[in-house]
2 protein chains.
Amino acid sequence: MAKVIQKDKSTEEKILAAAKNVFIRQGMMGARMQDIADEAGINKALLHYYFRNKEQLFDVIFMQAAGQLFPRIRMIFESDVPLFEMIERFCEDYIEIISANTYLPLFVFNEINRDPAGFMKKINGAMGFPKPELFLQKIEKEIKKGTIKKISPLQLLLNLLSMCIFPFVAKPLLLVNLQLDEMQFRAIMDQRKKDVARFIIDSIKK
Amino acid sequence: MAKVIQKDKSTEEKILAAAKNVFIRQGMMGARMQDIADEAGINKALLHYYFRNKEQLFDVIFMQAAGQLFPRIRMIFESDVPLFEMIERFCEDYIEIISANTYLPLFVFNEINRDPAGFMKKINGAMGFPKPELFLQKIEKEIKKGTIKKISPLQLLLNLLSMCIFPFVAKPLLLVNLQLDEMQFRAIMDQRKKDVARFIIDSIKK
DNA sequence: GTCTATAATTTGATAGAC
DNA sequence: GTCTATCAAATTATAGAC
């Protein structure tokens with residue numbers, strides 16, 4: 001195997017970290033290349049040396065963010081385990097994944113809002129969007145078996161997604177309104193892993 | 001009573017409608033005055049004649065949006081009715097209010113994310129932010145009375161807010177991914193008014 | 001690879017005629 | 001009130017030296 005020339009990535013990594021922060025705070029349009037350069041401790045010219053333009057830089061950041069989110073959700077949705085276990089795993093894993101990058105949901109929903117078709121094209125081309133079909137089927141089967149109450153599978157899916165994702169979208173509001181710090185928010189979300197799963201199962205089980 | 005000189009509002013209204021659309025799609029920073037002028041069918045100069053600058057125009061749009069949302073949520077949270085009824089009223093009223101302006105949640109959360117302290121100051125100065133204290137107290141009382149299961153009041157509040165608000169944040173994703181049109185989305189949200197309330201009550205009642 | 005200096009473009013805002 | 005023309009400032013992007 002040929003020896004791979006190890007390009008020095010320290011500057012590129014500094015840029016990506018800085019860009020991530022600025023894009024999260026300001027969004028694609030609000031972000032300023034100067035701010036990214038400042039936060040990376042370099043100048044604008046070097047930014048353009050590494051990434052030809054702003055759009056390309058944003059795409060790298062966005063696909064990187066999407067890449068650490070969607071494939072893992074897909075895995076949960078595609079795992080063939082009993083319904084209750086799938087619910088528990090989704091709450092546990094999803095909240096854990098996002099807790100490491102709480103900005104992700106709002107960031108992603110904004111990009112979808114800006115260009116829904118473009119988003120789906122980008123994601124499907126690169127990694128495939130998580131499909132909840134198996135989850136919906138499992139719900140219908142359990143209803144037919146009579147092990148859970150009659151409920152619209154789509155509504156139940158929305159409930160699950162809502163309760164796992166929404167608190168992260170609302171995080172800035174929760175922090176300022178409930179006067180929480182990062183530690184306290186993290187603790188509430190940790191608690192939520194078990195609470196949401198139990199809340200759902202309590203509601204649907206017969 | 002003196003006769004009020006009726007200023008012609010048709011142009012101003014066209015501007016406000018156009019600005020709302022552009023700010024929703026692009027956000028405060030992404031919005032272009034030219035785009036707003038185009039959508040209103042006028043030119044930039046006239047835009048500046050009606051609203052001195054972009055920030056002022058955005059503030060009008062934002063406070064208008066907030067004004068049709070927060071006071072009504074306050075009323076629900078402050079109404080002294082039994083817990084289950086409050087849950088039912090919240091689902092019914094909140095989903096109904098937002099259905100008329102589905103863009104509101106994402107719009108508001110973005111502004112909070114951009115400047116949390118500034119947001120609270122603006123809202124509290126103008127109309128007061130909805131306080132869920134009464135709701136939280138009612139939950140604790142019902143737990144003590146033994147009429148509902150033991151549950152963290154904060155987590156239950158988060159569940160309620162999540163399930164009512166999140167689908168609107170995720171609307172662009174739902175439309176493109178589930179291939180829904182506006183009518184179908186509206187129907188699902190209508191169904192949700194009753195479904196979410198029942199889902200919650202089923203989960204907590206003993 | 002990294003910088004300084006500057007070009008090129010976009011965009012918010014104003015002046016002044018009608 | 002509304003427009004055309006233009007300015008001033010901000011911002012992306014490049015040229016060229018080291």
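Each chain gets a letter, A, B and so on, in the order the sequences are listed, and its residues count up from 1. A quick note: this is a predicted structure, and the numbers were derived from the prediction, not measured. Note that these values count all heavy atoms, side chains included, but never hydrogens, waters or copies made by symmetry.
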*Of A/Y49 and B/M29, the one whose closest DNA chain D nucleotide lies more 5'*: B/M29
*Relative to the 5' end of DNA chain D, which residue comes earlier, A/A45 or B/L46, by the nucleotide with the nearest heavy atom?*
B/L46
Is the phosphate of [N] approached by [X] (side-chain N or O, under 4.0 Å from OP1 or OP2)?
X     : N      : result
B/T11 : D/dT2  : yes
A/N43 : C/dC3  : yes
A/H48 : D/dT14 : no
A/R32 : D/dA10 : no

Could you tell me the separation between the [atom1] atom of [X] and the [atom2] atom of [N], rounded to a whole number of Å?
X     : N      : atom1 : atom2 : value
A/M33 : C/dA7  : CE    : P     : 20 Å
A/M28 : D/dT11 : CE    : P     : 14 Å
B/L57 : C/dA13 : CG    : C1'   : 14 Å
A/Q34 : D/dT11 : CD    : P     : 9 Å
B/I36 : C/dT10 : CD1   : C1'   : 16 Å
A/K44 : C/dT2  : NZ    : P     : 18 Å
A/K54 : D/dT12 : NZ    : C1'   : 8 Å
A/N53 : C/dT9  : CG    : C1'   : 14 Å

*Taking the six-membered ring where the residue is Trp, are the ring centres of B/F107 and B/F23 under 6.0 Å apart?*
no
Check [Y] with [X], please: is the shortest side-chain N to carboxylate O separation under 4.0 Å?
X      : Y      : answer
A/D59  : A/K122 : yes
B/R114 : B/E111 : yes
B/K171 : B/E182 : yes

_Backbone of A/M163 reached by a side-chain donor or acceptor of A/R192 within 3.5 Å_ = yes
*Answer with base, sugar-phosphate or nothing: what part of the nucleic acid does B/A37 contact at a heavy-atom distance below 4.0 Å?*
nothing
